[in-house]
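Down below is the structure, laid out as structure tokens.
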Amino acid sequence: MKALPASFYNRPTLNVTEELIGKVLVHDVRGRRVAGIIVEVEAYIGESDPACHAAPGPTKRNAPLYGPPGRAYVYFNYGMHYLVNAVTEKEGSPAAVLIRALEPVEGVDTMVRRRGVKTDPGGRFSTASSENRPPGSVFTRRLCSGPGNLTKALAIDLRQNRSDLTTSRLRIEDHGITPDKVTWTPRVGIRVGTDREWRCCWAGHAGVSGRVARVKD
DNA sequence: CGTTCGATGCACT
DNA sequence: GTGCATCGAACGT
């Protein structure tokens, strides 16, 4: 399956944001392919967006945001989580799309092991009914739900920062999957820039993360 | 169902 | 020293 070309990312970020829903994030580690359908993302656009890491201007950490589109921007947060973004727009225009949730489709056993969760058939990581999923896939709906959870399941860390999503073992592919409908809401887990409705979800999808917007003072 | 809170490390002021 | 683009356990209703 072919990865999306750089031209896909070299466009207005909100267009890329919406069209990433249904695409497939893949990580190949030592020949072990693990993948999930993207069902929830958020846009972070430019130095004028107070929630974007580019808001303070260029720094060592946010440098990938200023780089070429189609690269990964991975950073470490809260002392324990890695978060992965796809860099968008032309070089010099700092913007990216945060990947917040996946529906697991390949390497579920590997994801379960990396997450360290128990596969309790009756519990919260159990299979769930879902339409629009490839036949035969096991849908463990919480396995890759949340930006910190999915990087753990896919073994994404700072080694993948600046990886080329069009050619490297961390890639985003088009499998011809399209959501029936997407929903735009305010972004989640931030204290500033909550007025922008730049979170895009596969409407009604069970894999969307359960986090709620924080109340502003 | 809801809210609160501790874990944990680093970039940035 | 402060504040995170989080998570899940532990509580309250």
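The sequence lines fix the lettering, A, B, ..., with proteins before strands; numbering per chain opens at 1.
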*Contact under 4.0 Å: A/R115 side-chain N or O vs C/dG8 OP1/OP2*: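 For C/dG8, OP1 or OP2 has a side-chain N or O of A/R115 closer than 4.0 Å.
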*N or O in side chain of A/R142 less than 4.0 angstrom from C/dG8 OP1/OP2*: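 Negative; the distance criterion is not met.
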How many whole angstroms separate atom [atom1] of [X] from atom [atom2] of [N]?
X	N	atom1	atom2	answer
A/Y44	C/dC4	OH	P	12 Å
A/E42	C/dT6	CD	C1'	12 Å
A/L143	C/dC7	CG	C1'	14 Å
A/H53	C/dG3	NE2	P	15 Å
A/R100	C/dA5	CZ	C1'	7 Å
A/R191	C/dG3	CZ	P	9 Å
A/I45	C/dA5	CD1	P	16 Å

*Consecutive-pair stems (at least three Watson-Crick or G-U pairs, under 3.5 Å) that include DNA chain B*: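 Runs of three or more consecutive pairs: B:1-7 with C:6-12, B:9-12 with C:1-4.
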*Rounded distance in Å between the C1' positions of C/dG8 and B/dC10*: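 It comes out at 22 Å once rounded to the nearest Å.
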*Can you tell if the side chain of A/L14 reaches within under 4.5 Å of the side chain of A/W198, non-hydrogen atoms only?*
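A/L14 vs A/W198: side chains touch.
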*asked:* So, using salt bridge (Lys or Arg N to Asp or Glu O under 4.0 Å) as the criterion, who are the partners of A/E89 when residues are at least two apart?
replied: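 If we apply the salt bridge (Lys or Arg N to Asp or Glu O under 4.0 Å) test to A/E89, skipping adjacent residues, there are no hits.
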*Find out whether the Lys NZ or Arg CZ of A/R11 is both under 6.0 angstrom from the six-membered ring centre of A/F8 and within 45° of the ring's axis.*
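Flagged: A/R11 positioned over aromatic ring of A/F8.
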_Selected nucleotide, minimal atom distance to A/N149 side chain, candidates C/dC7, C/dC4, C/dA5_ =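 The closest nucleotide is C/dC7.
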*For nucleotides 6-13 of chain B, read 5' to 3', which letter fits each nucleotide if B means a protein heavy atom sits under 4.0 Å from the base, S means only the sugar-phosphate is that close, and - means neither?*
-BBBSSSS
*Parallel, tilted or perpendicular for A/F76 and A/Y82, by the 30°/60° rule?*
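Geometry flag for A/Y82 against A/F76: tilted rings.
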*Starting from the C-alpha separation in whole Å, work towards a yes-or-no answer on side chain to side chain contact (heavy atoms under 4.5 Å, CB included) for A/I99 and A/I172.*
CA-CA 11 Å; A/I99 302 177; A/I172 300 178; 4.2 Å; yes
Looking only at non-hydrogen atoms, find the nearest pair between [X] and [Y] and report the distance.
X	Y	value
A/R187	A/D49	NH1-OD2, 2.7 Å
A/C52	A/P94	SG-O, 4.5 Å
A/A95	A/T13	CB-OG1, 3.4 Å

_One pair to check against side chain to side chain contact (heavy atoms under 4.5 Å, CB included): A/V208 and A/R199. What are the steps and the verdict?_
CA-CA 11 Å; A/V208 169; A/R199 178 192 190 210; 3.8 Å; yes
*asked:* By the 4.0 Å heavy-atom rule, please label A/N85 as base, sugar-phosphate, or nothing.
replied: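 It contacts base atoms.
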